[in-house]
Structure formats: C-alpha cells, structure tokens
> 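Got a structure here, written out as structure tokens. Questions coming.
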Amino acid sequence: MEDAGFIIGSYVVTFGAVGAYALWVLRRARRVTSRLPDDAKPWT
Amino acid sequence: MASLPATSTTTTPTGPPTTTGTSTKATRLLGAAAIVGIVWLAAFGLGFSPADVNQRESVRILYVHVPSAWLAYLAFFVTAVASGIYLFSKKHSLGWDRLAGASAEVGVLFMGITLVVGALWGRLTWGVFWEWDARLTSTAFMFVTYIGYLTVRRLGGSHEQRARRSAVLALLAVLEIPLVHWSVKLWRSLHQDATVLRPDGDVKMNGLMLFTLFVGVIAFTLMYMWLVIHRQRTMAAEDALDDAGLDLAIADRKAEHQ
C-alpha cells in the first residue's frame, strides 16, 4: 500500500485518541463513583 | 448540604458503595458493539475496499475522516438541543445540561480527529497539511468555539449558573454547523464538495466504498453513544459529590493533577 504511513497513522491517531479518552473517562468514573453511595447512582 | 469526610474514599452518608464505575450491562454491550464496529471498519477501510481512481490509496483516510466530522456535527447538534430543552423547559433539569456537556466534549474529540486526519489526507492529496481554505478555517473556528464552550463550563458558580450560561453559548455556537457544511458552496474552496449528502441525491461512489463509509458512520455512532453515556454519568457523579461536599471535590481535583 502506497503512503501506508499516512494511512495507517490516521487510523492510529483516530482510535488512539478515542481509546485514550475512553480510558480517562472510565478511570475518572471509577474514582468519582467510589465516593458515592449506590443510591446516588441512578444507573445501578 | 451534607458533607463527606475529606480523608475517606469509601465512607458515605448512607453507607459504602457496593458498585463503582458507570458501566451497566447495556453499556458493556454497546461498548462491545463499538469494538466490533472499529475492527470491521479497519478491515474494510484498510483492506477490502478498493483504491480510488483519482485519490488512490489516500481515500482510505476518508473512512475515518468523514464519520468523525459527521459525528462531531451530530454531537454539537445534540448539545444545542439538550441546552435548549434545559433553558426552555419548566423543570430546568440538570440532566439535560450534563448531556449537553458530555456531547460537546465528545464532539470536540471527534472534531480534533477530523482536523488532524484531514491534514494527513490533505498532505497526500493537495501536497500540504493545511490551507487557509473556507472549509478548513471554519472547521478550526468551530473547534476553538467548542473548546471555549468547555472552558465556560468549568468556570465557577453553581450547577444552575453553569447550565444557563453554557446553554446560551451552545445555542449560538450551533449556528456554525451550517456555515461549516456549506462553506464549500458559499466560498471558493479547495475542499471537495459533498459526495454522499448531495442535494440532488445522486451518490457517485463505488458500492464497496459507500458500504465502508457506512460501517464507519455506524462504528463512530456507537463510540459516540458509549462515550456520552459514560461521560454524562460521570458528570452526574461529580455534581453529586459537589452537592455532598465541596471540600471532597477539591481534594479529588488536586489528586487528579498530582
């Protein structure tokens, strides 16, 4: 595949950014919700 | 207002939590579907779909560039709708404000991806990473506007003040979407015109390419939904912590930056 660096790089940038943000959200969620009682989490 | 001990991470007014995180069975299923979508998109985008006659292999970048741009539009539109419901409903539910904030945050992420990946595509197709073209400039302007929106959300004040001022800003910022979308028509632009969302409905695209783009839109939509659900639940937990004890929230922020 010609220009493979640019093409694969664009997929790495995309899914890397989404993955990093998803990990940050999950870690933040775990930290914040560990300080709350279950009745303050309507999704449980 | 109840206050929580700043040194404890588990003790709460009504007892220790038995669950942490914002996941449910439904979000786990949604997340699994999003991962399947990503794998499928990578397989078709990088492998099964053909090279374009004019753009050759660089067309593969568009299978992530176009869906991320569309989802950013959708995210900002959802932000505006949720903000409007917050402002104009009698109840003024903060749930709508949090949905608006979560959607804007994910929208900024997707818009940033659109700009970076678009620059890579531009380098291959136009020979430059960036051009002060109408579409590119208006997209960058919209990106900066929503970074401003997220900054406004972090200003001090009560949850209601945050919701009110950010809702007004969201209703103004959403007006940029039609400007960005039709910038290629309104001004002379290097950026190509719409290929799929054409006014005449005539989609001039290879079937497998169109299918790959469709897979991309589905995968990005699933990612968007998963991210927004988790983020707005986290925001709800943050607001609950603020209500329960401002000192604890400040300690948490400090711990986050250490």
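To find a chain, count down the sequence lines: A is the first, B the second, and so on, and within it residues start at 1.
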> L120(B) versus chain A, heavy atoms under 4.5 Å apart: side chain, backbone, both or neither?
both

> Tell me, for L26(A) versus chain B, whether the close heavy atoms (under 4.5 Å) come from the side chain, the backbone, both or neither.
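Contact with chain B is through the side chain of L26(A) alone.
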
> For chain A, which residues from residues 94-107 of chain B have at least one heavy atom closer than 4.5 Å to it?
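The stretch touches chain A at E105(B), V106(B).
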
> Once you round to the nearest 0.5 Å, how far does OG1 of T234(B) lie from CZ of R30(A)?
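Interatomic distance, T234(B) OG1 to R30(A) CZ, rounded to 0.5 Å: 10.5 Å.
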
> Quick one, Y63(B) and S49(B) - any side-chain contact, counting heavy atoms below 4.5 Å?
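Yes, close enough: below the 4.5 Å cut-off.
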
> If you count heavy-atom pairs under 4.5 Å between each of L46(B), I229(B), V116(B) and chain A, which one has the most?
L46(B)

> Looking only at atom types and distance, does a side-chain atom of H65(B) sit under 3.5 Å from a main-chain N or O of T114(B), one as donor and one as acceptor?
yes

> Classify the ring geometry of F211(B) against W40(B): parallel below 30°, tilted from 30° to 60°, perpendicular beyond 60°.
perpendicular

> Tell me which of these, A17(A), P42(A), A29(A), A4(A), has more heavy-atom pairs under 4.5 Å with chain B than the rest.
A29(A)

> Considering only NZ, NE, NH1 and NH2 on the basic side and carboxylate oxygens on the acidic side, decide whether R60(B) and D3(A) come within less than 4.0 Å.
no

> Under 6.0 Å between ring centres: does that hold for F220(B) and F110(B)?
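Here the rings of F110(B) and F220(B) have centres that are less than 6.0 Å from each other.
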
> Any non-hydrogen side-chain atom of L213(B) less than 4.5 Å from a side-chain atom of L62(B)?
no

> Could you tell me which portion of W121(B) (side chain, backbone, both or neither) has an atom closer than 4.5 angstrom to a non-hydrogen atom of chain A?
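Neither the backbone nor the side chain of W121(B) comes within 4.5 Å of chain A.
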
> Counting heavy-atom pairs closer than 4.5 Å to chain A, which one of V117(B), T27(B), V64(B) comes out on top?
V64(B)

> Pick one of side chain, backbone, both or neither for T24(B), based on which atoms fall under 4.5 Å of a heavy atom in chain A.
side chain

> Verify the neighbour count for atom CZ of F214(B): are there more than 12 heavy atoms of other residues, nucleotides or ligands below 6.0 Å?
no

> Against chain A, label L124(B) side chain, backbone, both or neither, depending on which of its atoms sit under 4.5 Å from a heavy atom there.
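Interface part for L124(B): side chain.
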
> Should the ring pair Y146(B) and Y149(B) be called parallel, tilted or perpendicular, given that the plane angle runs from 0 to 90° and is split at 30 and 60?
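Tilted: the ring planes of Y146(B) and Y149(B) meet at 30° to 60°.
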
> Decide yes or no for T22(B) and Q232(B): does some side-chain heavy atom of the first lie under 4.5 Å from some side-chain heavy atom of the second?
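Sidechains of Q232(B) and T22(B): no contact.
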
> For F15(A), is it the side chain, the backbone, both or neither that has a heavy atom under 4.5 Å from a heavy atom of chain B?
side chain

